Amino acid sequence: MASRGEHTEPRRPAPRLYLIAPEIADPAGLAGKLAAALGGADVAAVLLRLQGDDERGLINRAKLLAPVIQTPGAAFLLESHAGIVARVGADGAHLAGVDAFKSAATSLQPDRIAGCGGLKTRHDAMLAGEAGADYVLFGEPDRHGRRPSFDAVMERVAWWAEVFELPCVGYAARLGEIDLLAGIGADFVAVGDCIFADERGPAAAIADAAQRLSLTETVG
């Protein structure tokens, strides 16, 4: 029999950061900021958001940033654009909505990551899981910068972490939300504007984010 100080349930892996880059048309200005952020802390994955619909232009921009992301050891994910993932050497794609996920997943898996966000209901999240998503993301802003209330994001992350084994990502709009999301069971905490808009610079901001994660202990 375990003593009072010995917990018999397995400990959840330590949560990690998932970095969402600003949506860009020109990658030149982003490369330095990404390099600074990735040099400031351990980052599990970077989601690259590219503007435009010219395929050749998208490919060229993604290829330019791929080594900046992958050399430090982060997974390189494209938002949408699943059709060019292999051509740019990305590690996978993030799809918004269950329908978009189902349409793209077969072209990505099993060799590459296929994540799903834009999940408005619990039912949507469960459908994404059943369809084979490698992770689900809760709370990210929409195209207009709107997101659910933080209480709603917390509720969804806590529910998912308690019921399902599939990894979940919780979006933190502010640095002060990071430890709260990690503390209720998020496997990854997504950060974006709170890193790239921080007046201290991305390296200092992401080091702050990582410090907040390091103080969090979750038990699954």
Side-chain angles (χ1 to χ4, degrees), residues 12-24 30 33-34 36-49 69 72 74-79 92 94-96 113 115-122 124-125 128 133-162 164 166-220:
R12 294 180 68 88
R16 299 182 69 194
L17 292 172
Y18 176 118
L19 183 61
I20 300 179
E23 190 172 11
I24 61 160
L30 180 60
K33 293 179 180 179
L34 273 178
L38 294 172
D42 171 61
V43 174
V46 174
L47 179 61
L48 187 63
R49 305 159 64 212
I69 296 168
F76 170 27
L77 306 178
L78 282 176
E79 181 180 67
H94 175 80
L95 296 313
I113 299 165
C116 190
L119 303 167
K120 297 180 180 179
T121 66
R122 288 188 176 193
D124 285 346
D134 290 302
Y135 67 81
V136 292
L137 171 59
F138 298 119
E140 76 277 24
D142 63 18
R143 287 292 181 183
H144 303 287
R146 298 186 299 257
R147 72 159 184 165
S149 71
F150 186 57
D151 285 345
V153 178
M154 289 276 286
E155 181 277 330
R156 195 58 50 83
V157 170
W159 160 72
W160 187 271
E162 182 176 351
F164 302 97
L166 184 73
C168 72
V169 185
Y171 179 84
R174 293 177 292 277
L175 292 173
E177 296 177 353
I178 292 172
D179 53 330
L180 298 175
L181 288 165
I184 59 169
D187 300 282
F188 302 88
V189 177
V191 289
D193 289 347
C194 65
I195 301 300
F196 293 101
D198 193 303
E199 62 184 12
R200 298 171 297 173
I206 205 159
D208 189 345
Q211 176 66 16
R212 293 168 187 268
L213 278 189
S214 72
L215 299 176
T216 303
E217 293 185 4
T218 58
V219 176

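Since the structure is predicted, the reported quantities are computational estimates derived from the model, not experimental observations.
A donor-acceptor pair under 3.5 Å is formed between the side chain of Arg147 and the backbone N or O of Tyr171. When atom types are taken as modelled, the side chain of Asp187 and the backbone of Cys168 share a donor-acceptor pair closer than 3.5 angstrom.
Taken from CD1 in Ile195 to CD1 in Ile206, the straight-line distance is 5.0 Å, to the nearest 0.5 Å. In this structure, CD on Gln211 lies 12.0 Å from CG on Leu175, to the nearest 0.5 angstrom. Residue Asp198 holds its CG atom at 11.5 Å from CG of Asp193, rounded to the nearest 0.5 Å. Here Glu177 contributes atom CD and Arg212 contributes atom CZ; the two are 10.5 Å apart, rounded to the nearest 0.5 Å. Note: Glu23 CD to Leu48 CG = 10.0 Å, rounded to the nearest 0.5 Å. To the nearest 0.5 Å, atoms CD1 (Ile20) and NE2 (His94) are separated by 7.0 Å.
Crowding of Asp142 atom CG: a count of heavy atoms from other residues, nucleotides or ligands under 6.0 Å exceeding 12.
Classified by interplanar angle (parallel below 30°, tilted 30° to 60°, perpendicular above 60°), the ring pair Phe138/Trp159 is tilted.
Closest approach of Ala203 and Ala36 over heavy atoms only: CB-O, 3.4 Å. Heavy-atom minimum distance, Leu137 versus Leu119: O-CD1, 4.1 Å. Heavy atoms only, all atoms of each residue included: Leu166 and Ala133 are closest at CD1-O, 3.0 Å. Smallest separation of non-hydrogen atoms from Ile184 and Met154: CD1-O, 3.2 Å. The shortest non-hydrogen separation linking Gly185 to Ala161 is O-CB, 3.6 Å. Of all heavy-atom pairs between Ala74 and Val46, the closest is CB-CG2, 4.2 Å.
Counting only heavy atoms from C-beta outward, the side chains of Leu30 and Pro22 approach each other to under 4.5 Å. Contact annotation: the side chain of Leu181 approaches that of Val153 to within less than 4.5 Å [non-hydrogen atoms, C-beta and beyond]. Taking the side chain as every heavy atom from C-beta outward, Trp160 and Val136 approach each other to under 4.5 Å.
Of the options Ile69, Leu34, Leu77, a side chain to side chain contact (heavy atoms under 4.5 Å, CB included) to Leu19 is made by Leu34 and by none of the others.
A salt bridge between Glu140 and Arg49 is absent, with no side-chain N of the basic residue lying under 4.0 Å from a carboxylate O of the acidic one.
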Next item on the list: Could you walk me through whether Val191 and Ile178 pass side chain to side chain contact (heavy atoms under 4.5 Å, CB included), step by step?
Entry: CA-CA 8 Å; Val191 289; Ile178 292 172; 3.8 Å; yes

